[in-house]
2 protein chains.
Amino acid sequence: MNTASAEEPRWLTDEEQRTWRAYVHASTLLEDHLDRQLQRDAGMPHVYYHLLVVLSEAPQRRLRMTELAMRAKITRSRLSHAVARLEKNGWVRREDCTDDKRGQFAVLTDQGYEVLARSAPGHVLAVRQAIFDRLSPEQRGALGEIMQILAEGLQPKEAGADLPWLR
Amino acid sequence: MNTASAEEPRWLTDEEQRTWRAYVHASTLLEDHLDRQLQRDAGMPHVYYHLLVVLSEAPQRRLRMTELAMRAKITRSRLSHAVARLEKNGWVRREDCTDDKRGQFAVLTDQGYEVLARSAPGHVLAVRQAIFDRLSPEQRGALGEIMQILAEGLQPKEAGADLPWLR
DNA sequence: GGCCCATCCTTGAAATTTGAACAAATGAGG
DNA sequence: CCTCATTTGTTCAAATTTCAAGGATGGGCC
(Lines give C-alpha, C1' and ligand atoms only; values in the text may rest on other atoms or scores of the structure.)
Protein backbone atom coordinates (compact mmCIF):
# COMPACT_ATOMS: atom_id res chain seq x y z
CA MET A 1 0.00 0.00 0.00
CA ASN A 2 1.36 3.34 -1.02
CA THR A 3 0.16 6.21 1.13
CA ALA A 4 3.05 8.51 0.32
CA SER A 5 1.05 11.60 -0.50
CA ALA A 6 -1.26 11.24 2.48
CA GLU A 7 1.33 10.23 5.03
CA GLU A 8 1.97 12.31 8.08
CA PRO A 9 5.13 14.27 7.43
CA ARG A 10 8.13 13.59 9.61
CA TRP A 11 7.80 16.47 12.02
CA LEU A 12 10.77 17.64 14.02
CA THR A 13 11.29 16.09 17.43
CA ASP A 14 11.03 18.41 20.41
CA GLU A 15 14.76 18.65 20.59
CA GLU A 16 15.09 19.38 16.89
CA GLN A 17 12.41 22.03 17.29
CA ARG A 18 14.33 23.69 20.07
CA THR A 19 17.54 23.51 18.10
CA TRP A 20 15.99 24.98 15.00
CA ARG A 21 14.31 27.72 16.97
CA ALA A 22 17.55 28.55 18.74
CA TYR A 23 19.33 28.69 15.41
CA VAL A 24 16.81 31.05 13.90
CA HIS A 25 16.95 33.31 16.92
CA ALA A 26 20.72 33.33 17.15
CA SER A 27 21.29 33.96 13.46
CA THR A 28 18.67 36.71 13.38
CA LEU A 29 20.10 38.46 16.40
CA LEU A 30 23.65 38.05 15.18
CA GLU A 31 23.05 39.49 11.73
CA ASP A 32 21.20 42.38 13.28
CA HIS A 33 23.95 42.98 15.76
CA LEU A 34 26.70 42.97 13.14
CA ASP A 35 24.72 45.07 10.70
CA ARG A 36 24.31 47.76 13.32
CA GLN A 37 27.89 47.51 14.48
CA LEU A 38 29.23 47.89 10.95
CA GLN A 39 26.71 50.48 9.89
CA ARG A 40 27.81 52.55 12.85
CA ASP A 41 31.57 51.99 12.63
CA ALA A 42 32.13 51.46 8.92
CA GLY A 43 29.10 53.02 7.26
CA MET A 44 27.88 49.86 5.56
CA PRO A 45 25.90 46.71 6.27
CA HIS A 46 27.59 43.38 6.88
CA VAL A 47 27.10 42.06 3.36
CA TYR A 48 28.88 45.04 1.85
CA TYR A 49 31.69 44.76 4.35
CA HIS A 50 32.08 41.13 3.43
CA LEU A 51 32.42 42.08 -0.23
CA LEU A 52 35.34 44.33 0.62
CA VAL A 53 36.93 41.55 2.66
CA VAL A 54 36.67 39.07 -0.19
CA LEU A 55 38.09 41.60 -2.62
CA SER A 56 40.95 42.38 -0.26
CA GLU A 57 41.98 38.74 -0.29
CA ALA A 58 41.93 38.36 -4.06
CA PRO A 59 45.06 38.78 -6.17
CA GLN A 60 45.34 42.45 -7.14
CA ARG A 61 42.37 43.00 -4.88
CA ARG A 62 40.13 42.51 -7.89
CA LEU A 63 37.60 39.93 -9.02
CA ARG A 64 35.18 39.42 -11.84
CA MET A 65 31.63 40.25 -10.80
CA THR A 66 30.39 36.69 -11.15
CA GLU A 67 33.32 35.33 -9.17
CA LEU A 68 32.76 37.85 -6.41
CA ALA A 69 29.08 37.04 -6.32
CA MET A 70 29.83 33.33 -5.95
CA ARG A 71 32.41 33.81 -3.23
CA ALA A 72 30.07 36.08 -1.31
CA LYS A 73 27.07 33.81 -1.88
CA ILE A 74 24.86 36.51 -3.34
CA THR A 75 23.12 36.95 -6.66
CA ARG A 76 24.70 38.92 -9.46
CA SER A 77 21.80 41.32 -9.36
CA ARG A 78 22.33 42.06 -5.73
CA LEU A 79 26.03 42.46 -6.36
CA SER A 80 25.45 44.97 -9.14
CA HIS A 81 23.47 47.18 -6.79
CA ALA A 82 25.96 46.73 -3.98
CA VAL A 83 28.95 47.60 -6.11
CA ALA A 84 27.14 50.65 -7.45
CA ARG A 85 26.73 51.82 -3.89
CA LEU A 86 30.29 51.01 -2.88
CA GLU A 87 31.52 52.77 -5.98
CA LYS A 88 29.71 55.92 -4.93
CA ASN A 89 31.56 55.69 -1.64
CA GLY A 90 34.81 55.42 -3.52
CA TRP A 91 35.61 52.07 -1.94
CA VAL A 92 35.34 49.99 -5.07
CA ARG A 93 36.06 50.77 -8.69
CA ARG A 94 34.85 48.97 -11.82
CA GLU A 95 37.22 48.03 -14.61
CA ASP A 96 36.51 46.55 -17.99
CA CYS A 97 37.78 43.10 -18.76
CA THR A 98 39.88 43.09 -21.90
CA ASP A 99 39.62 39.34 -22.48
CA ASP A 100 35.87 39.28 -22.33
CA LYS A 101 34.12 42.44 -23.35
CA ARG A 102 31.06 41.46 -21.34
CA GLY A 103 33.11 41.23 -18.18
CA GLN A 104 33.69 43.69 -15.39
CA PHE A 105 36.16 43.64 -12.56
CA ALA A 106 35.32 44.98 -9.16
CA VAL A 107 38.48 46.47 -7.69
CA LEU A 108 39.05 47.45 -4.08
CA THR A 109 40.38 51.01 -4.01
CA ASP A 110 43.01 52.27 -1.60
CA GLN A 111 40.28 54.19 0.10
CA GLY A 112 38.26 51.00 0.41
CA TYR A 113 41.24 49.23 1.86
CA GLU A 114 41.63 52.01 4.39
CA VAL A 115 38.04 51.72 5.55
CA LEU A 116 38.55 48.00 5.93
CA ALA A 117 41.78 48.37 7.88
CA ARG A 118 40.21 50.96 10.14
CA SER A 119 37.06 49.00 10.93
CA ALA A 120 38.39 45.45 11.00
CA PRO A 121 39.52 45.48 14.64
CA GLY A 122 36.11 46.58 15.85
CA HIS A 123 34.40 44.01 13.72
CA VAL A 124 36.65 41.18 14.85
CA LEU A 125 36.03 42.19 18.42
CA ALA A 126 32.29 42.11 17.86
CA VAL A 127 32.47 38.65 16.31
CA ARG A 128 34.71 37.38 19.07
CA GLN A 129 32.48 38.71 21.81
CA ALA A 130 29.34 37.39 20.18
CA ILE A 131 30.68 33.94 19.40
CA PHE A 132 34.09 32.67 20.33
CA ASP A 133 34.31 34.17 23.81
CA ARG A 134 31.11 32.37 24.70
CA LEU A 135 32.00 28.90 23.53
CA SER A 136 34.27 26.18 24.85
CA PRO A 137 37.09 24.94 22.62
CA GLU A 138 35.07 21.82 21.87
CA GLN A 139 32.08 23.90 20.90
CA ARG A 140 34.17 26.15 18.70
CA GLY A 141 35.45 23.09 16.90
CA ALA A 142 32.01 21.57 16.56
CA LEU A 143 30.56 24.81 15.23
CA GLY A 144 33.16 24.93 12.51
CA GLU A 145 32.54 21.38 11.39
CA ILE A 146 28.80 21.75 11.46
CA MET A 147 28.71 24.97 9.49
CA GLN A 148 31.11 23.52 6.98
CA ILE A 149 28.76 20.63 6.41
CA LEU A 150 25.67 22.81 6.13
CA ALA A 151 27.35 25.21 3.72
CA GLU A 152 28.49 22.38 1.48
CA GLY A 153 25.03 20.89 1.45
CA LEU A 154 23.44 24.14 0.36
CA GLN A 155 26.07 25.18 -2.11
CA PRO A 156 24.48 25.30 -5.56
CA LYS A 157 25.99 22.34 -7.34
CA GLU A 158 28.18 22.78 -10.37
CA ALA A 159 26.42 21.96 -13.62
CA GLY A 160 25.66 18.30 -13.97
CA ALA A 161 27.05 17.32 -10.61
CA ASP A 162 23.59 16.24 -9.57
CA LEU A 163 22.82 14.53 -12.83
CA PRO A 164 24.76 11.27 -12.49
CA TRP A 165 22.98 9.75 -15.47
CA LEU A 166 24.81 12.14 -17.71
CA ARG A 167 28.23 10.85 -16.77
CA MET B 1 52.93 50.45 30.57
CA ASN B 2 49.52 50.89 29.10
CA THR B 3 49.37 50.49 25.34
CA ALA B 4 45.73 49.54 25.16
CA SER B 5 44.66 51.88 22.39
CA ALA B 6 47.66 51.11 20.18
CA GLU B 7 47.75 47.37 20.76
CA GLU B 8 47.36 44.95 17.92
CA PRO B 9 43.78 43.69 18.10
CA ARG B 10 43.23 40.04 18.90
CA TRP B 11 42.66 38.73 15.42
CA LEU B 12 40.90 35.46 14.87
CA THR B 13 43.03 32.35 14.66
CA ASP B 14 43.03 30.50 11.37
CA GLU B 15 40.57 28.02 12.72
CA GLU B 16 38.31 30.74 14.07
CA GLN B 17 38.49 32.43 10.69
CA ARG B 18 37.43 29.27 8.94
CA THR B 19 34.64 28.72 11.41
CA TRP B 20 33.35 32.24 11.08
CA ARG B 21 33.52 32.12 7.32
CA ALA B 22 31.72 28.81 7.26
CA TYR B 23 29.03 30.21 9.52
CA VAL B 24 28.48 33.25 7.33
CA HIS B 25 28.25 31.10 4.23
CA ALA B 26 25.96 28.53 5.76
CA SER B 27 23.59 31.06 7.29
CA THR B 28 23.46 33.10 4.10
CA LEU B 29 22.75 30.08 1.94
CA LEU B 30 20.23 28.70 4.38
CA GLU B 31 18.20 31.87 4.69
CA ASP B 32 18.22 32.20 0.92
CA HIS B 33 17.16 28.63 0.47
CA LEU B 34 14.28 28.86 2.93
CA ASP B 35 13.15 32.23 1.63
CA ARG B 36 12.86 30.79 -1.84
CA GLN B 37 11.23 27.60 -0.66
CA LEU B 38 8.60 29.48 1.31
CA GLN B 39 8.08 32.19 -1.24
CA ARG B 40 7.36 29.48 -3.76
CA ASP B 41 5.23 27.18 -1.59
CA ALA B 42 3.59 29.59 0.82
CA GLY B 43 3.81 32.97 -0.86
CA MET B 44 5.84 34.69 1.81
CA PRO B 45 9.41 35.02 3.03
CA HIS B 46 10.73 33.10 6.00
CA VAL B 47 10.35 35.95 8.48
CA TYR B 48 6.66 36.30 7.72
CA TYR B 49 6.14 32.58 7.95
CA HIS B 50 7.79 32.60 11.33
CA LEU B 51 5.38 35.28 12.50
CA LEU B 52 2.47 33.02 11.64
CA VAL B 53 4.12 30.13 13.47
CA VAL B 54 4.61 32.18 16.61
CA LEU B 55 1.04 33.40 16.47
CA SER B 56 -0.25 29.88 15.98
CA GLU B 57 1.41 28.82 19.22
CA ALA B 58 0.03 31.66 21.30
CA PRO B 59 -3.15 31.30 23.35
CA GLN B 60 -6.10 32.28 21.14
CA ARG B 61 -3.58 32.55 18.33
CA ARG B 62 -3.15 36.17 19.21
CA LEU B 63 -0.40 38.38 20.61
CA ARG B 64 0.24 42.01 21.33
CA MET B 65 2.43 43.57 18.68
CA THR B 66 5.31 44.21 21.01
CA GLU B 67 5.20 40.69 22.36
CA LEU B 68 5.15 39.25 18.87
CA ALA B 69 8.05 41.45 17.84
CA MET B 70 10.10 40.27 20.80
CA ARG B 71 9.37 36.61 20.24
CA ALA B 72 10.24 36.90 16.58
CA LYS B 73 13.33 39.01 17.29
CA ILE B 74 12.38 41.84 14.98
CA THR B 75 11.72 45.53 15.50
CA ARG B 76 8.23 46.85 16.05
CA SER B 77 8.55 48.94 12.93
CA ARG B 78 9.37 45.93 10.83
CA LEU B 79 6.51 44.08 12.42
CA SER B 80 4.04 46.84 11.60
CA HIS B 81 4.92 46.63 7.94
CA ALA B 82 4.90 42.86 7.96
CA VAL B 83 1.51 42.61 9.63
CA ALA B 84 0.13 45.14 7.17
CA ARG B 85 1.20 42.84 4.38
CA LEU B 86 -0.10 39.70 6.06
CA GLU B 87 -3.36 41.49 6.74
CA LYS B 88 -3.74 42.22 3.03
CA ASN B 89 -3.35 38.49 2.43
CA GLY B 90 -6.08 37.82 4.94
CA TRP B 91 -3.77 35.70 7.07
CA VAL B 92 -3.64 38.01 10.06
CA ARG B 93 -6.17 40.40 11.54
CA ARG B 94 -5.61 43.33 13.89
CA GLU B 95 -7.73 43.81 16.96
CA ASP B 96 -7.84 46.66 19.41
CA CYS B 97 -6.84 46.01 22.97
CA THR B 98 -9.54 47.08 25.37
CA ASP B 99 -7.27 47.26 28.40
CA ASP B 100 -4.78 49.53 26.75
CA LYS B 101 -6.04 51.76 24.00
CA ARG B 102 -2.54 52.05 22.57
CA GLY B 103 -2.37 48.33 22.12
CA GLN B 104 -3.07 46.12 19.15
CA PHE B 105 -3.39 42.40 18.89
CA ALA B 106 -2.21 40.51 15.86
CA VAL B 107 -4.54 37.57 15.37
CA LEU B 108 -3.94 34.58 13.13
CA THR B 109 -7.02 34.12 10.94
CA ASP B 110 -8.43 30.75 9.98
CA GLN B 111 -7.18 31.42 6.51
CA GLY B 112 -3.74 32.10 7.93
CA TYR B 113 -3.87 28.88 9.86
CA GLU B 114 -4.78 27.04 6.68
CA VAL B 115 -1.79 28.40 4.81
CA LEU B 116 0.41 27.35 7.70
CA ALA B 117 -1.04 23.86 7.87
CA ARG B 118 -0.69 23.45 4.14
CA SER B 119 2.90 24.62 3.87
CA ALA B 120 4.33 23.32 7.13
CA PRO B 121 5.19 19.83 5.86
CA GLY B 122 7.21 21.20 2.97
CA HIS B 123 8.98 23.63 5.21
CA VAL B 124 9.84 21.01 7.80
CA LEU B 125 11.16 18.81 5.06
CA ALA B 126 13.36 21.60 3.75
CA VAL B 127 14.76 22.27 7.22
CA ARG B 128 15.33 18.62 7.85
CA GLN B 129 17.12 18.08 4.57
CA ALA B 130 19.24 21.17 4.97
CA ILE B 131 20.23 20.53 8.57
CA PHE B 132 19.26 17.50 10.59
CA ASP B 133 19.70 14.90 7.88
CA ARG B 134 23.27 16.02 7.44
CA LEU B 135 24.37 15.97 11.04
CA SER B 136 25.24 13.21 13.48
CA PRO B 137 23.24 12.98 16.72
CA GLU B 138 26.20 14.50 18.57
CA GLN B 139 26.37 17.37 16.14
CA ARG B 140 22.64 17.96 16.39
CA GLY B 141 22.99 18.19 20.14
CA ALA B 142 25.99 20.47 19.95
CA LEU B 143 24.28 22.77 17.48
CA GLY B 144 21.37 23.21 19.83
CA GLU B 145 23.53 24.04 22.81
CA ILE B 146 25.71 26.43 20.84
CA MET B 147 22.85 28.33 19.29
CA GLN B 148 21.14 28.56 22.64
CA ILE B 149 24.25 30.18 24.09
CA LEU B 150 24.69 32.60 21.21
CA ALA B 151 21.06 33.63 21.26
CA GLU B 152 21.17 34.31 24.98
CA GLY B 153 24.30 36.36 24.63
CA LEU B 154 22.77 38.57 21.97
CA GLN B 155 19.36 38.90 23.51
CA PRO B 156 18.77 42.54 24.39
CA LYS B 157 18.83 42.55 28.16
CA GLU B 158 15.78 43.45 30.20
CA ALA B 159 15.91 46.94 31.66
CA GLY B 160 18.53 47.30 34.34
CA ALA B 161 19.77 43.73 34.06
CA ASP B 162 23.10 45.05 32.93
CA LEU B 163 23.17 47.81 35.49
CA PRO B 164 24.08 45.90 38.65
CA TRP B 165 24.78 49.11 40.54
CA LEU B 166 21.09 49.91 40.48
CA ARG B 167 20.13 46.84 42.45
C1' DG C 1 -6.48 67.20 38.19
C1' DG C 2 -2.12 68.39 35.73
C1' DC C 3 2.67 67.45 34.35
C1' DC C 4 6.17 64.61 32.62
C1' DC C 5 8.08 60.89 30.78
C1' DA C 6 7.83 56.16 29.18
C1' DT C 7 5.51 52.86 26.23
C1' DC C 8 2.78 51.34 22.10
C1' DC C 9 2.44 51.30 17.50
C1' DT C 10 2.43 53.55 13.10
C1' DT C 11 4.18 56.26 9.31
C1' DG C 12 7.15 58.08 5.56
C1' DA C 13 11.28 58.23 3.14
C1' DA C 14 15.50 56.20 1.98
C1' DA C 15 18.17 52.06 1.44
C1' DT C 16 18.44 47.43 0.17
C1' DT C 17 16.87 43.06 -1.95
C1' DT C 18 14.36 40.27 -5.18
C1' DG C 19 12.99 38.46 -9.59
C1' DA C 20 12.19 38.99 -14.28
C1' DA C 21 13.62 40.89 -18.43
C1' DC C 22 17.25 42.56 -21.39
C1' DA C 23 21.37 43.71 -24.43
C1' DA C 24 25.89 42.47 -25.52
C1' DA C 25 29.32 39.13 -26.16
C1' DT C 26 30.95 34.41 -26.24
C1' DG C 27 31.38 29.82 -27.94
C1' DA C 28 30.05 25.46 -29.90
C1' DG C 29 28.57 23.35 -34.11
C1' DG C 30 27.52 23.09 -38.51
C1' DC D 1 31.02 32.50 -41.67
C1' DC D 2 26.30 31.66 -39.37
C1' DT D 3 23.14 30.25 -35.99
C1' DC D 4 21.68 29.32 -31.60
C1' DA D 5 22.18 28.58 -26.85
C1' DT D 6 24.78 30.26 -22.95
C1' DT D 7 27.09 33.49 -20.16
C1' DT D 8 27.81 38.23 -18.23
C1' DG D 9 26.33 41.97 -16.05
C1' DT D 10 22.78 45.53 -15.71
C1' DT D 11 18.23 47.53 -15.17
C1' DC D 12 13.48 48.15 -13.77
C1' DA D 13 9.73 47.67 -10.66
C1' DA D 14 7.94 45.68 -6.67
C1' DA D 15 8.75 44.04 -2.07
C1' DT D 16 11.02 44.41 2.14
C1' DT D 17 13.86 46.59 5.73
C1' DT D 18 15.75 50.42 8.25
C1' DC D 19 15.72 54.60 10.69
C1' DA D 20 13.95 58.70 12.47
C1' DA D 21 9.92 60.98 13.75
C1' DG D 22 5.41 61.43 15.58
C1' DG D 23 0.59 60.80 17.68
C1' DA D 24 -1.79 58.70 21.32
C1' DT D 25 -2.18 56.61 25.76
C1' DG D 26 -0.66 55.05 30.30
C1' DG D 27 1.20 55.78 34.89
C1' DG D 28 3.77 57.89 38.51
C1' DC D 29 3.85 61.90 41.21
C1' DC D 30 2.89 66.45 43.13
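Within every chain, numbering begins at 1; the chains are lettered A, B, ... in the order of the sequence lines, protein sequences first and strands thereafter. Note that the structure is a prediction, hence the values are computed from the model and not measured. Keep in mind that the numbers below use all heavy atoms, side chains included, and drop hydrogens, waters and symmetry copies.
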inquiry  = With heavy-atom distances below 4.5 Å as the criterion, would you say the side chains of B:Met44 and B:Val115 are in contact?
reply    = yes

ask   = So do B:Pro45 and B:Arg85 actually touch side chain to side chain, heavy atoms under 4.5 Å?
value = yes

Under a 4.0 Å threshold between the charged nitrogen and the carboxylate oxygen, would [Y] count as salt-bridged to [X]?
| X | Y | answer |
| --- | --- | --- |
| A:Arg94 | A:Glu87 | yes |
| B:Glu15 | B:Arg21 | no |
| A:Arg36 | A:Asp32 | yes |
| B:Glu114 | B:Arg118 | no |

Which nucleotide in the set [options] lies at the smallest distance from any side-chain heavy atom of [X]?
| X | options | value |
| --- | --- | --- |
| A:Tyr48 | C:dT11, C:dT17, D:dT25 | C:dT17 |
| B:Met65 | C:dC9, D:dT8, D:dT17 | C:dC9 |
| B:Thr66 | C:dC8, D:dG9, D:dT17 | C:dC8 |
| B:Ser80 | C:dT17, C:dC9, C:dA25 | C:dC9 |
| A:Ser77 | C:dT11, C:dG19, C:dT26 | C:dG19 |
| B:Arg94 | D:dC19, C:dC9, D:dT16 | C:dC9 |
| A:Arg36 | C:dA25, C:dT17, D:dC19 | D:dC19 |

Let me know the distance between [atom1] of [X] and [atom2] of [N], rounded to the nearest Å.
| X | N | atom1 | atom2 | result |
| --- | --- | --- | --- | --- |
| A:Asp35 | D:dT18 | CG | P | 7 Å |
| A:Glu67 | D:dG9 | CD | P | 10 Å |
| B:Leu63 | C:dC9 | CG | P | 11 Å |
| B:Arg78 | C:dC8 | CZ | C1' | 19 Å |
| B:Met44 | D:dT17 | CE | P | 13 Å |
| A:Gln39 | D:dC19 | CD | P | 6 Å |
| A:Asp96 | C:dA25 | CG | C1' | 13 Å |
| A:Gln104 | C:dA23 | CD | P | 18 Å |

Within the structure, does a side-chain N or O atom of [X] lie under 4.0 Å from either OP1 or OP2 of [N]?
| X | N | result |
| --- | --- | --- |
| B:Arg102 | C:dC9 | no |
| A:Arg76 | D:dG9 | no |
| A:Arg64 | D:dT7 | no |

remark   = When A:Asp100 and A:Arg85 are each assigned the nearest nucleotide of DNA chain C, the 5'-most assignment goes to A:Arg85

task = Specify the residue among A:Pro45 and A:Thr98 whose closest nucleotide of DNA chain C lies further upstream toward the 5′ end.
result = A:Pro45

query = Starting at the 5' end of DNA chain D, which residue's closest nucleotide do you reach first, B:Asp99 or B:Ala82?
reply = B:Ala82

ask   = Looking at D:dC12, does its base get a donor-acceptor pair with the side chain of A:His81 below 3.5 Å?
value = yes

